[in-house]
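First up is the structure itself, then whatever we jot down about it.
Model, not experiment: these values are computed from the prediction.
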Amino acid sequence: MPRIDGRAYDALRPIEIIPNVNRFAEGSCLIRCGSTHVLCTASVEERTPPHVPEGEGWVTAEYSMLPRANRERSKRDIAKLKLSPRSAEIQRLVGRALRAAVDMRKLGARTITVDCDVLQGDGGTRTASVTGGFVALSYALHKLVSEGVLPEMPLKTCVAAVSAGIVDDQPMLDLCYEEDSSAQVDLNCVMTGEGELVELQGTGEGRAFTIEEQRVLVDLCAKGIREVQAIQRQVLGG
């Protein structure tokens, strides 16, 4: 079946990552995946939460959507006096994904918080946040190394994420909003630079799905993530 924007079933939306868009953050970028735009900033603090073992660091994330990131205005989380369940779930995903890339002992007793603020949402905001969040995190770590704060780069690998789904029984990569809202099956995938899985989030929205269908979706995601990681490497200079 033809897709809304004319892409092939296994094609990503156009991706652009603009680095260093915030003059104050230790690392930052704006990631554009089609019409989904997310501002990612990484901030360094010389302290860690109480649960972190002595001598080790911590990487965490926060996620939010601006009121007009969607087709209708949504209330800010602060207006509701608590984080929305969706935002809380997504920021935990982003934090887990980014921690998979970092050697916490080499990071030392400091915390890096990656803020992902959705300026415009058109599907795939969580996967764009992981991909852009890694770029912002990388710039922050490069800054710490270049300033002599860290003796060596703490990154173990890179991480990126994309979505896939089944729409009208057709597997598709990187769903836009219209596709995502009518998908029978929705799957988000996070992978390392070595092609290892960090997280899979698969849901039968309109029907159950088979193990074989999951494999097809994961293979689509793996193809897309390799393309995304090539863009990350280009932006990060290698």
For the residue pair Leu141 and Leu107, establish whether any side-chain heavy-atom pair is separated by less than 4.5 Å.
yes
I would like to know whether Cys40 and Asp115 meet side chain to side chain contact (heavy atoms under 4.5 Å, CB included); could you show each step before the answer?
CA-CA 6 Å; Cys40 303; Asp115 289 289; over 6 Å; no
Would you call Glu205 and Thr203 a side-chain contact if the rule is heavy atoms closer than 4.5 Å?
yes
Do Arg32 and Asp122 sit within salt-bridge range, that is, some charged N less than 4.0 Å from a carboxylate O?
no
Check: Ser163 and Leu187 side chains under 4.5 Å, non-hydrogen atoms:
no
Do the non-hydrogen side-chain atoms of Leu12 and Val162 ever get within less than 4.5 Å of each other?
yes
Can we say Arg110 and Glu45 salt-bridge, meaning some charged N sits less than 4.0 Å from an Asp/Glu carboxylate O?
no
Using links of under 4.5 Å between side-chain heavy atoms of ILVMFWY residues, direct or through other members, which residues join Val52 in one cluster?
Trp58
Side chain to side chain donor-acceptor pair (under 3.5 Å) assessment of Glu194 paired with Thr157
CA-CA 8 Å; Glu194 293 72 38; Thr157 186; 2.8 Å; yes
Is any NZ, NE, NH1 or NH2 atom of the basic residue among Arg7 and Asp5 found under 4.0 Å from an Asp or Glu carboxylate oxygen of the other?
yes
Can you confirm whether Asp10 sits close enough to Lys223 that some side-chain heavy atom of one is under 4.5 Å from a side-chain heavy atom of the other?
yes
side-chain contact (heavy atoms from CB on, under 4.5 Å) with Ser87: which residues, sequence neighbours excluded?
Tyr63, Asp77, Leu83, Ser84
Ala128 versus Thr36, closest heavy-atom pair with distance
CB-CG2, 4.3 Å
How close do Ala69 and Val118 get, counting heavy atoms only, and between which atoms?
CB-O, 3.5 Å
Minimum heavy-atom distance between Val190 and Ala97, given as atom pair plus value
CG1-CB, 3.7 Å
Side chains of Cys158 and Thr192: closer than 4.5 Å at any heavy-atom pair?
no
Are any non-hydrogen side-chain atoms of Met104 and Arg99 less than 4.5 angstrom apart?
yes
Drop me the distance from Thr41's OG1 to Asn20's CG, to the nearest 0.5 angstrom.
12.0 Å
SB check Arg207 Glu213 (cutoff 4.0 Å):
yes
Heavy-atom side-chain proximity of Thr125 to His37 below 4.5 angstrom
no
Roughly how far, to the nearest 0.5 Å, is CD of Gln232 from SG of Cys29?
9.0 Å
With sequence neighbours left out, the residues meeting side chain to side chain donor-acceptor pair (under 3.5 Å) with Arg215 are Glu212
Could you give all pairs that pass the ring-ring contact (aromatic ring centres under 6.0 Å, His included) test and reach residues 101-154, with sequence neighbours left out?
none
Looking at Asp174 and Arg13, is any side-chain nitrogen of the basic one under 4.0 Å from a carboxylate oxygen of the acidic one?
yes
With the threshold set at 4.0 Å, does a side-chain nitrogen-carboxylate oxygen contact exist between Lys143 and Glu26?
no
Have a look at Glu199 and tell me which of Arg96, Arg92, Arg126 forms a salt bridge (charged side-chain N to carboxylate O under 4.0 Å, His left out) with it.
Arg96
Starting from Leu30, walk the hydrophobic network (Ile, Leu, Val, Met, Phe, Trp, Tyr; side-chain heavy atoms closer than 4.5 Å) and list everyone else you reach, by chain and number.
Ile18, Val21, Leu39, Leu66, Leu119
The side-chain contact (heavy atoms from CB on, under 4.5 Å) partners of Arg68 (sequence neighbours excluded) come to Arg73
